[in-house]
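See below for the structure under consideration.
Excluded from the calculations below are hydrogen atoms, water molecules and symmetry mates; all remaining heavy atoms, backbone and side chain alike, are included.
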Amino acid sequence: DFTPAHNHLLVNHFPVEGSIFVLALLIYAMIRKHAELKRIALIGFVLLGVAAYVSDLTGGGASHEMKNVPGIQRALIEEHSNAADLARFISYGVAAVALVGLILAYRKPESVADSTDATAYTRHHKEPNKWIVILCLIGGLLEVATFAKTAYQGGLIRHPEIQSSFPVPAAPASDSVHQ
C-alpha cells in the first residue's frame with residue numbers, strides 16, 4: 001500500500017534533481033550557443049513546473065499523515081511547507097517564462113540558407129529570445145536554491161543526522177582497533 005507520505009517521497013525528488021539538470025543543460029546550451037538545446041532546457045523548465053505541482057499535490061497528504069507520527073515536530077513540517085510554497089511559486093514563474101519563450105521561438109519564420117538560391121532550403125533551429133533565456137537562467141538559479149532549501153527542510157523532518165548540530169555517536173569500544 002502506498003501512503004500519502006510514500007507518494008510524496010516518490011515524486012518530490014524530480015523537481016530538486018531536475019532543476020539542477022535543466023539549469024546545467026541551459027548553461028551548456030548558452031556556452032555552446034546551441035538553439036535546440038536551449039529549447040530543450042526551456043521544455044525542461046516547463047516540466048519542472050508540472051513536477052512542482054505534483055509534488056505539492058502529494059505534500060498535503062504527507063503533511064497530514066506525518067503530524068500524527070510520534071516524535072515528528074510540527075514546526076519542521078510547517079517550515080518545509082513554507083519553503084515548498086516559495087519554490088513552487090518560483091518554479092511556476094520560470095515555467096511560464098519558458099513557455100512564452102517556446103511559443104515565441106516556434107512562431108519565428110524558417111530561414112533560407114542562401115539568399116541567391118531560393119530552392120536551397122535549410123532548417124535553422126528557431127533560437128529562443130535572448131532575454132527569455134537570461135530570465136530562465138536567473139530563475140533557474142533561484143529554483144535550484146529554493147528546491148535545495150525545501151529538500152533540506154523536508155529531510156530534517158525524519159533525518160536529524162543532516163543537521164550540523166547532530167551529535168555523532170562515538171564508536172563502541174569493541175569496534176576500536178583489534179589486537
Side-chain angles (χ1 to χ4, degrees), residues 2 4-63 65-66 72-106 125-166:
F2 287 103
H6 187 247
N7 290 335
H8 185 61
L9 288 172
L10 282 173
V11 299
N12 70 2
H13 294 86
F14 290 114
V16 179
E17 283 89 10
S19 65
I20 296 167
F21 175 78
V22 172
L23 179 63
L25 177 63
L26 181 63
I27 291 169
Y28 177 77
M30 291 173 76
I31 291 168
R32 297 294 306 236
K33 298 179 178 158
H34 198 286
E36 189 168 14
L37 288 179
K38 288 177 188 175
R39 285 196 325 273
I40 291 169
L42 295 184
I43 292 168
F45 282 122
V46 172
L47 294 175
L48 284 172
V50 173
Y53 173 77
V54 172
S55 187
D56 182 59
L57 191 65
T58 62
S63 171
E65 183 178 275
M66 294 306 291
I72 298 296
Q73 297 177 29
R74 289 177 183 230
L76 292 176
I77 294 172
E78 196 64 35
E79 287 175 18
H80 174 62
S81 178
N82 291 338
D85 288 343
L86 177 61
R88 180 175 38 88
F89 175 75
I90 290 171
S91 183
Y92 289 173
V94 176
V97 170
L99 185 59
V100 167
L102 288 166
I103 291 168
L104 292 175
Y106 178 76
H125 293 294
K126 297 176 178 182
E127 180 89 23
N129 180 288
K130 173 183 167 184
W131 293 107
I132 295 282
V133 172
I134 290 171
L135 282 174
C136 285
L137 174 67
I138 294 166
L141 290 167
L142 287 171
E143 199 169 24
V144 167
T146 56
F147 278 137
K149 180 179 180 184
T150 302
Y152 173 75
Q153 289 181 317
L156 290 176
I157 295 170
R158 287 295 276 190
H159 297 283
E161 70 275 9
I162 67 173
Q163 295 177 2
S164 59
S165 61
F166 183 75

Just list the side-chain donor-acceptor pairs under 3.5 Å for residues 40-63, sequence neighbours left out, or say none.
residue: D56; atom: OD1; partner: R88; partner atom: NE; Å: 3.4
residue: D56; atom: OD2; partner: R88; partner atom: NE; Å: 3.3
residue: T58; atom: OG1; partner: H8; partner atom: ND1; Å: 2.9
residue: T58; atom: OG1; partner: V54; partner atom: O; Å: 3.4
residue: T58; atom: OG1; partner: S55; partner atom: O; Å: 3.0

- Query: According to the side chain to side chain donor-acceptor pair (under 3.5 Å) rule, which pairs have a member within residues 133-143, sequence neighbours left out?
  - Reply: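 Counting only pairs at least two positions apart or across chains, the side chain to side chain donor-acceptor pair (under 3.5 Å) contacts touching residues 133-143 are S91-E143.
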Indicate the atoms forming the closest heavy-atom contact of [X] with [Y], along with that distance.
{"X": "P128", "Y": "A35", "result": "CD-O, 3.9 Å"}
{"X": "K38", "Y": "V133", "result": "CD-CG2, 4.3 Å"}
{"X": "A87", "Y": "T150", "result": "CB-OG1, 3.7 Å"}

- Side chain proximity check, L76 to Q153, heavy atoms < 4.5 angstrom: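 Of all side-chain heavy-atom pairs linking Q153 with L76, none is under 4.5 Å.
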- Considering only heavy atoms from C-beta outward, does the side chain of I103 approach that of Y106 to under 4.5 Å? no
- Message: Quick one: does any side-chain atom of H80 pair with a main-chain N or O of A151 as donor and acceptor, under 3.5 Å?
- Response: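 Between the backbone of A151 and the side chain of H80 there is no qualifying donor-acceptor contact (under 3.5 Å).
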To the nearest 0.5 Å, what is the distance between [atom1] on [X] and [atom2] on [Y]?
{"X": "E79", "Y": "R74", "atom1": "CD", "atom2": "CZ", "value": "14.5 Å"}
{"X": "L99", "Y": "L104", "atom1": "CG", "atom2": "CG", "value": "9.5 Å"}
{"X": "I157", "Y": "E78", "atom1": "CD1", "atom2": "CD", "value": "10.0 Å"}
{"X": "E127", "Y": "I132", "atom1": "CD", "atom2": "CD1", "value": "12.5 Å"}

Just distance, no hydrogens or angles: give the donor-acceptor pairs under 3.5 Å from side chains in residues 13-26, sequence neighbours left out.
residue: H13; atom: ND1; partner: L9; partner atom: O; Å: 3.0
residue: S19; atom: OG; partner: P15; partner atom: O; Å: 3.1
residue: S19; atom: OG; partner: V16; partner atom: O; Å: 2.8

- Note on the structure: Hits for ring-ring contact (aromatic ring centres under 6.0 Å, His included) against F2, two or more places apart or cross-chain, chain-then-number order -> H6
- Item | Partner residues of L86 under the side-chain contact (heavy atoms from CB on, under 4.5 Å) criterion, sequence neighbours left out |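 Checked L86 against side-chain contact (heavy atoms from CB on, under 4.5 Å); matches are I90, T146.
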